[in-house]
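All chains are named by letter (A, B, ...) in the order of the sequence lines, taking the proteins before the strands, and each is independently numbered beginning at 1.
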Amino acid sequence: RKEVEQDPGPFNVPEGATVAFNCTYSNSASQSFFWYRQDCRKEPKLLMSVYSSGNEDGRFTAQLNRASQYISLLIRDSKLSDSATYLCVVQPGNNRKLIWGLGTSLAVNP
Amino acid sequence: IAGITQAPTSQILAAGRRMTLRCTQDMRHNAMYWYRQDLGLGLRLIHYSNTAGTTGKGEVPDGYSVSRANTDDFPLTLASAVPSQTSVYFCASSLTSLSTDTQYFGPGTRLTVL
């Protein structure tokens with residue numbers, strides 16, 4: 001089993017839709033969690049960190065479920081500009097470096 | 001310079017040649033990283049440096065070396081390139097080596113080894 005797994009998609013949604021991605025992680029000792037966004041042929045950029053209590057930033061909501069070992073990203077009122085690949089990133093504990101998921105591809109259509 | 005820069009943007013290299021990918025940041029970040037990104041394998045850490053003067057091995061260090069002589073620069077060297085090193089290489093930095101710190105990425109170097 002991979003340490004961090006994501007549904008690769010692609011998710012094709014119309015503008016204005018709500019879309020959710022999940023990401024599972026295998027190491028129960030994992031301590032830090034993030035969502036990064038990567039546009040085609042560009043570098044990854046931090047979208048948001050994921051906190052135990054859940055957190056929201058505008059149209060984006062991130063949740064952490066430690067019992068089931070997954071994190072989620074909810075995007076409301078999708079915009080064309082949200083089209084990108086969303087990378088789930090986990091710090092697996094024991095001072096190990098970050099582990100990156102393969103990403104979920106989102107295409108928002110007019 | 002604003003942020004983190006990489007050079008060259010792209011390169012085609014003959015197998016067996018030596019190549020150094022350059023990375024410079026002006027944010028006075030202590031930690032720096034080199035990743036490679038391959039289709040189906042995602043981002044994998046090659047080497048990292050928690051602070052100037054120190055380096056460490058990541059997940060896929062073989063065939064690569066790094067140095068960190070100062071805070072700003074973190075070059076990655078391929079001593080004798082092989083076709084399996086064809087990839088997109090990203091340099092990143094963070095304020096500290098703590099896992100909670102945001103990593104900022106350079107624009108990447110697309111390397112093709114023939």
Side-chain angles (χ1 to χ4, degrees), chain A residues 1-10 21 23-53 55 57 60 62 64 71 84-105, chain B residues 2-7 9-10 21 23-25 27 29-50 54-61 66 87-112:
Chain A
R1 181 185 174 188
K2 291 182 180 177
E3 291 195 82
V4 176
E5 293 198 78
Q6 298 183 247
D7 181 344
F21 311 136
C23 166
T24 59
Y25 60 94
S26 62
N27 189 332
S28 60
S30 297
Q31 297 177 346
S32 302
F33 308 87
F34 311 89
W35 285 102
Y36 276 71
R37 170 196 168 123
Q38 186 172 25
D39 293 303
C40 186
R41 300 178 72 85
K42 299 286 189 181
E43 72 272 22
K45 293 182 180 179
L46 179 69
L47 179 64
M48 57 198 307
S49 301
V50 186
Y51 303 120
S52 296
S53 56
N55 46 301
D57 182 3
F60 299 85
L64 167 63
I71 64 172
T85 295
Y86 291 84
L87 303 171
C88 170
V89 190
V90 176
Q91 194 272 329
N94 296 321
N95 290 320
R96 291 177 57 198
K97 296 301 183 185
L98 299 179
I99 302 294
W100 295 72
L102 297 186
T104 297
S105 175
Chain B
I4 186 165
T5 60
Q6 293 183 236
T9 301
S10 65
L21 308 185
C23 174
T24 299
Q25 52 100 1
M27 299 177 282
H29 283 176
N30 285 309
M32 297 188 74
Y33 315 85
W34 273 105
Y35 292 92
R36 60 178 290 174
Q37 188 173 34
D38 303 285
L39 193 64
L41 295 175
L43 275 162
R44 293 180 293 167
L45 184 65
I46 304 171
H47 285 286
Y48 64 91
S49 169
N50 288 337
T54 70
T55 62
K57 293 182 179 181
E59 182 184 354
V60 288
V66 292
S87 187
V88 180
Y89 291 86
F90 287 105
C91 180
S93 70
S94 58
L95 183 61
T96 74
S97 58
L98 291 174
S99 62
T100 49
D101 280 357
T102 301
Q103 291 192 13
Y104 297 87
F105 284 76
T109 294
R110 295 184 173 276
L111 181 66
T112 301

Under 4.5 Å from a heavy atom of chain A, the part of B/R110 involved: side chain
Which bit of B/Y35 is near chain A, if near means a heavy-atom gap under 4.5 Å: side chain, backbone, both or neither? side chain
Region of A/Q91 in contact with chain B, defined by heavy-atom distances below 4.5 Å: side chain
B/L39 versus chain A, the contacting section by heavy-atom distance below 4.5 Å: neither
Can you tell which part of B/N50 gets under 4.5 Å to a heavy atom of chain A, answering side chain, backbone, both or neither? side chain
For B/L43, which atoms come within 4.5 Å of any heavy atom of chain A: side chain, backbone, both, or neither? both
Quick one: closest heavy-atom pair of A/L102 and B/G40, and the distance? CD1-O, 3.5 Å
What part of A/Q31 gets closer than 4.5 Å to chain B, counting heavy atoms only: side chain, backbone, both or neither? neither
Report which part of A/I99 has an atom under 4.5 Å of a heavy atom belonging to chain B: side chain, backbone, both, or neither. neither
Could you pull out the closest heavy-atom pair between A/F34 and B/S99, with the gap in Å? CZ-O, 2.9 Å
Bottom line for A/F33: the part with an atom under 4.5 Å from chain B's heavy atoms is neither
Report which part of A/K97 has an atom under 4.5 Å of a heavy atom belonging to chain B: side chain, backbone, both, or neither. side chain
Do the two ring centres, one from A/W100 and one from B/F105, sit under 6.0 Å apart? yes
Verify side-chain contact (heavy atoms from CB on, under 4.5 Å) between A/L46 and B/Q103, making sure each step is shown before the conclusion. CA-CA 7 Å; A/L46 179 69; B/Q103 291 192 13; over 6 Å; no
